[in-house]
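Since the structure comes first, as structure tokens, the remarks are kept for the end.
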Amino acid sequence: MAQLTITYVAKFKDGPVVLATMDHAGAQLLKDAFVRCRTTRLCRFSCNTVVHTVQIEEQPATITIGNDTVQWRLSLSILQEIIDDLDSMMDGKGHHYVNITSLADTLVLSVNEYAAPEESKDR
């Protein structure tokens, strides 16, 4: 089963981040959805009872975390950056930082590395 958790972490190294922790199957699921979204501009997928909605907008990148939902609003360039970052981690573990504007200034993509903190808002 794919593992993909999107978490707001108020205290992560230099400040708050949105932390996306995943295993390889979760990274592949996220990447496949983002690749589909390049042409459809809107897509939905589920992982572990959480529904993710990805929407292409030419506005600052935002991620909204709800009770059982995650809303990704991304430009095509940020979407492609995330796809490329996920590609680079498919054979191992690691992390990449992506500039966003909301829920925090930074999205951390982590494959087989960081665990989601228990005290954070988790989806």
Side-chain angles (χ1 to χ4, degrees):
M1 176 184 284
Q3 296 299 312
L4 172 62
T5 303
I6 311 302
T7 309
Y8 175 77
V9 181
K11 294 181 182 179
F12 184 90
K13 296 186 181 184
D14 294 328
V17 300
V18 174
L19 178 61
T21 58
M22 61 203 90
D23 61 7
H24 286 116
Q28 188 66 55
L29 179 69
L30 186 61
K31 182 185 146 201
D32 290 347
F34 281 17
V35 167
R36 272 192 326 274
C37 202
R38 280 191 305 208
T39 55
T40 63
R41 302 188 69 80
L42 176 68
C43 67
R44 288 185 178 83
F45 69 97
S46 295
C47 186
N48 303 327
T49 72
V50 177
V51 176
H52 296 254
T53 303
V54 184
Q55 187 170 355
I56 302 301
E57 296 181 354
E58 293 307 319
Q59 298 177 1
T62 64
I63 300 170
T64 305
I65 302 172
N67 288 333
D68 291 318
T69 61
V70 177
Q71 174 76 40
W72 305 76
R73 290 188 173 100
L74 308 170
S75 67
L76 279 172
S77 62
I78 295 294
L79 183 84
Q80 188 60 53
E81 179 182 351
I82 293 170
I83 291 168
D84 293 344
D85 289 344
L86 292 171
D87 256 346
S88 74
M89 297 184 285
M90 290 309 244
D91 292 332
K93 67 178 185 176
H95 63 276
H96 284 278
Y97 299 95
V98 179
N99 291 328
I100 60 174
T101 59
S102 179
L103 191 58
D105 290 337
T106 305
L107 166 65
V108 179
L109 300 168
S110 174
V111 176
N112 292 331
E113 195 173 43
Y114 295 115
E118 300 213 5
E119 70 277 0
S120 301
K121 188 173 183 181
D122 179 23
R123 291 295 143 238

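- Side-chain contact between L30 and L86: present, with at least one pair of heavy atoms (C-beta onward) separated by less than 4.5 Å.
- Using a 4.5 Å cut-off between side-chain heavy atoms of Ile, Leu, Val, Met, Phe, Trp and Tyr, with links allowed through other members, I100 and L76 fall into the same hydrophobic cluster.
- Considering every non-hydrogen atom in both L42 and R44, the closest pair reads CD2-NH1, 4.3 Å.
- Partner of N112 under the side-chain hydrogen bond (donor to acceptor under 3.5 Å, both in side chains) criterion, chosen from H24, Q3, K93: H24.
- Side chains of I82 and L107 form a contact here, defined as non-hydrogen atoms less than 4.5 Å apart.
- Across all their heavy atoms, V51 and S46 have their closest contact at CG2-OG, 3.6 Å.
- Side-chain contact between T53 and V70: absent, with no pair of heavy atoms (C-beta onward) separated by less than 4.5 Å.
- Side-chain atoms of T7 do not come within 3.5 Å of backbone N or O of V9 as any donor-acceptor pair.
- Counting heavy atoms from C-beta outward, L109 and V98 have side chains that approach closer than 4.5 Å.
- Nearest heavy-atom pair, C43 versus A33, reported as atom, atom and distance to 0.1 Å: SG-O, 3.3 Å.
- Contact of the I83 side chain with the R38 side chain is registered, since non-hydrogen atoms from C-beta on lie closer than 4.5 Å.
- Of all the heavy atoms in D87 and K31, the pair that sits closest is OD1-NZ, 2.7 Å.
- With rounding to the nearest 0.5 angstrom, the OG atom of S110 is 6.0 Å from the CG atom of L19.
- Counting heavy atoms from C-beta outward, I6 and V18 have side chains that approach closer than 4.5 Å.
- Residue T101 comes nearest to D105 through the heavy atom pair O-OD1, 4.1 Å, listed as atom of the first residue, atom of the second, then distance.
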Pair L79, I56 - check side-chain contact (heavy atoms from CB on, under 4.5 Å), show working. CA-CA 8 Å; L79 183 84; I56 302 301; 3.6 Å; yes

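- With hydrogens and angles ignored, the 3.5 Å screen pairs no side-chain donor or acceptor of D23 with any backbone N or O of L4.
- Atom OG1 of T39 sits about 10.0 Å away from atom CZ of R41, to the nearest 0.5 Å.
- Residues T5 and M22 have side chains not in contact (no heavy-atom distance under 4.5 Å, counting atoms from C-beta outward).
- Put simply, V35 and L74 are part of the same group of oily side chains (I, L, V, M, F, W, Y) that touch within less than 4.5 Å, one to the next.
- A side-chain hydrogen bond (donor to acceptor under 3.5 Å, both in side chains) with W72 is found for exactly one of E57, Q55, H52, namely H52.
- Closest non-hydrogen pair, L29 versus C47, comes out as CD2-CB, 3.6 Å.
- In summary, of the residues considered (H95, H96, M89), a side-chain contact (heavy atoms from CB on, under 4.5 Å) with V111 occurs for M89 alone.
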Q59 and R73: side-chain contact (heavy atoms from CB on, under 4.5 Å), yes or no, with the steps? CA-CA 8 Å; Q59 298 177 1; R73 290 188 173 100; 5.8 Å; no

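- Two residues are said to be in side-chain contact when any heavy atoms from C-beta on lie closer than 4.5 Å; D32 and F45 fail this criterion.
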